[in-house]
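Excluded from the calculations below are hydrogen atoms, water molecules and symmetry mates; all remaining heavy atoms, backbone and side chain alike, are included.
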Amino acid sequence: MSLVAYSLSLYYMDQQKQQQAQEKKQCFFCTTNRGVVDYKDSELVRQFMSSQAKIYPRRKSGLCAHHQRLLARAAKRSRYLALVPYVNR
């Protein structure tokens, strides 16, 4: 086996291990059987926001598309009512 073929086989083995390690996250709201994302629950909304008060993307939060849209709407409403800050300094 040549050195190039050996390095390629190691490369593909690493990709397979990475794919196995990246398990699909379960949606928090689907698993806890919560149908509604309440904008008045500021602690819950902050759980899905970064330290700079940005909403985490789906790939990081692990939410399904439906609940990600509901969370974004709830975060915007709670920002408007000053329950959650627009920007942390």
Which pairs would a plain distance check flag for residues 42-53, meaning a side-chain donor or acceptor within less than 3.5 Å of a matching protein atom at least two apart in sequence or in another chain?
unit_1 : atom_1 : unit_2 : atom_2 : d
Arg46  : NH2    : Leu83  : O      : 3.0
Ser50  : OG     : Gln52  : N      : 3.3
Ser50  : OG     : Lys54  : N      : 3.2

Show me the side-chain donor-acceptor pairs of residues 27-38 shorter than 3.5 Å, one per line, residues at least two apart or across chains.
unit_1 : atom_1 : unit_2 : atom_2 : d
Thr31  : OG1    : Cys27  : O      : 3.0
Thr31  : OG1    : Phe28  : O      : 3.0
Thr32  : OG1    : Phe28  : O      : 2.8
Asp38  : OD1    : Lys40  : N      : 3.4

Sequence neighbours excluded, which residues qualify as side-chain contact (heavy atoms from CB on, under 4.5 Å) partners of Lys76? none
Can you list the residues that meet the side-chain contact (heavy atoms from CB on, under 4.5 Å) rule with Ala82, with sequence neighbours excluded? none
Can a donor-acceptor pair be found, under 3.5 Å and without considering hydrogens, that links the side chain of Arg58 to the backbone of Leu63? yes
Going by side chain to side chain donor-acceptor pair (under 3.5 Å), name the residues that satisfy it together with Ser61, two or more places apart in sequence or in a different chain. Gln68
For Tyr86 and Arg79, work out which heavy atoms get closest and say how close. CE1-O, 3.5 Å
